Amino acid sequence: MEARKAAGSLIIMTEIVLPNDTNVFGNLMGGRLMYWMDIAAALSAQKHCNAPVVTASVDNISFENPIKLGNAVHIEAKVTRAFNSSMEVHLKVWGEDMTQQYKYKSNEAYYTFVALDPNRKPRPVPQLVVETDEEKKLFDGALRRRQLRLILGGKMKPDDAVELKALFFKD
Ligand SMILES: CC(C)(COP(=O)(O)OP(=O)(O)OC[C@H]1O[C@@H](n2cnc3c(N)ncnc32)[C@H](O)[C@@H]1OP(=O)(O)O)[C@@H](O)C(=O)NCCC(=O)NCCS
């Protein structure tokens, strides 16, 4: 299977915050934003592997700034690393007040997707080719993040997380 460039997985989604998307403070509800992020990230993963994918996990998300009613929401999603059947996708989210021409960061997050075959079993995905400095940095950190989320998900023993342990223990 031929490796593919990270740039090829880029998805840019823009939405507008309507009254039905808001909480009682008139800001975008976190759940609605996570729903849009899930769609953008799934499209990015599918673009990379050209196969149907399911969300395997979502890392912790901190909302830095609320996005206000009537503002635009910009979501950028790109695959950071492909493993066997899974792919990590990095998301960046901004709000934009178009009347004031003011753009502000809302949050960043990592989602993990698994590609499935017609029998709904995990299937291999193409490896990722990284080119820019940011892509290389995200690629390098992806193994540690994967080990941490697999430990938290009960899928890996902490003792097996070699890359992660190396951060804390020196020989
Ligand atoms: C995700 C899922 C396909 C994994 O299936 P599984 O039987 O555990 O498969 P495996 O143990 O062989 O793991 C397959 C891949 O999933 C990854 N994976 C499993 N659990 C994971 C988790 N909690 N976080 C991140 N990746 C995970 C594994 O690391 C593995 O990746 P790799 O092939 O790149 O090494 C399965 O748990 C599933 O279908 N979950 C429900 C998905 C879903 O419905 N999402 C929408 C939520 S409503």
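All figures in this text were calculated on a predicted structure; none of them were measured in a lab. For ligands, and for the atoms within them, numbers begin at 1 and follow the listed sequence. Throughout, residue positions are numbered sequentially from 1 according to the sequence presented.
With hydrogens left out, the protein atom closest to atom 45 (N) of ligand 1 is Thr55 O, 2.9 Å, a heavy atom. Of the protein's heavy atoms, Ser86 OG, 3.2 Å lies nearest to atom 31 (O) of ligand 1. With respect to atom 30 (C) of ligand 1, the closest heavy atom belonging to the protein is Ser85 OG, 4.0 Å. Closest to atom 25 (C) of ligand 1, if we only count protein heavy atoms, is Ser57 OG, 3.3 Å. Atom 27 (C) of ligand 1 has as its closest protein heavy atom Leu150 CD2, 3.6 Å. Of the protein's non-hydrogen atoms, the one nearest atom 39 (O) of ligand 1 is Val54 CG2, 4.3 Å. Regarding atom 6 (P) of ligand 1, its nearest protein heavy-atom neighbour is Lys155 NZ, 4.2 Å. For atom 9 (O) of ligand 1, the closest heavy atom belonging to the protein is Pro122 CG, 3.8 Å.
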Practice problem: Step by step, work out the salt bridge (Lys or Arg N to Asp or Glu O under 4.0 Å) result for Lys78 and Glu135. | Solution: CA-CA 9 Å; Lys78 197 153 80 163; Glu135 288 170 2; 2.8 Å; yes
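For residues 70-93, every residue pair satisfying the ring pair (Phe, Tyr, Trp, His ring centres under 6.0 Å) rule, not counting sequence neighbours, is listed here: His90-Tyr110.
Per-atom contact check: atom 21 (C) of ligand 1 touches the protein, criterion being a heavy-atom distance below 4.0 Å. There is a protein heavy atom closer than 4.0 angstrom to atom 34 (O) of ligand 1. Remark: atom 13 (O) of ligand 1 lies closer than 4.0 Å to no protein heavy atom. Less than 4.0 angstrom separates atom 1 (C) of ligand 1 from at least one non-hydrogen atom of the protein.
At least one cation-pi condition fails for Lys105 and Trp94: the charged atom is not both under 6.0 angstrom from the six-membered ring centre and inside a 45 degree cone around its axis.
By the neighbour-count criterion of 12 heavy atoms within 6.0 Å, atom OH of Tyr104 is densely surrounded, having more than that number from other residues, nucleotides or ligands. Under a cut-off of 6.0 angstrom, the local environment of NZ in Lys5 is sparse, with at most 12 non-hydrogen atoms contributed by other residues, nucleotides or ligands. For CG of Asp133, the number of neighbouring non-hydrogen atoms (other residues, nucleotides, ligands) closer than 6.0 Å is 12 at most.
In terms of the side chain to side chain donor-acceptor pair (under 3.5 Å) criterion, residue partners of Thr80 (sequence neighbours excluded) are, by chain and number, Glu88.
Under a 4.0 Å criterion applied to the non-hydrogen atoms of Phe83, ligand 1 contributes the atoms 34 (O).
The minimum heavy-atom distance between Lys47 and Leu10, with the atom names listed, is NZ-O, 3.1 Å. In plain terms, the two heavy atoms of Ile75 and Leu91 that are nearest each other are CG2-CD2, 3.7 Å. In terms of heavy-atom proximity, Ile61 sits nearest to Tyr111 at CD1-OH, 3.9 Å.
Only the side chain of Arg146 comes within contact range of ligand 1, with a heavy atom under 4.0 Å; no backbone atom does. Of the heavy atoms in Val114, only side-chain atoms (C-beta onward) come closer than 4.0 Å to ligand 1.
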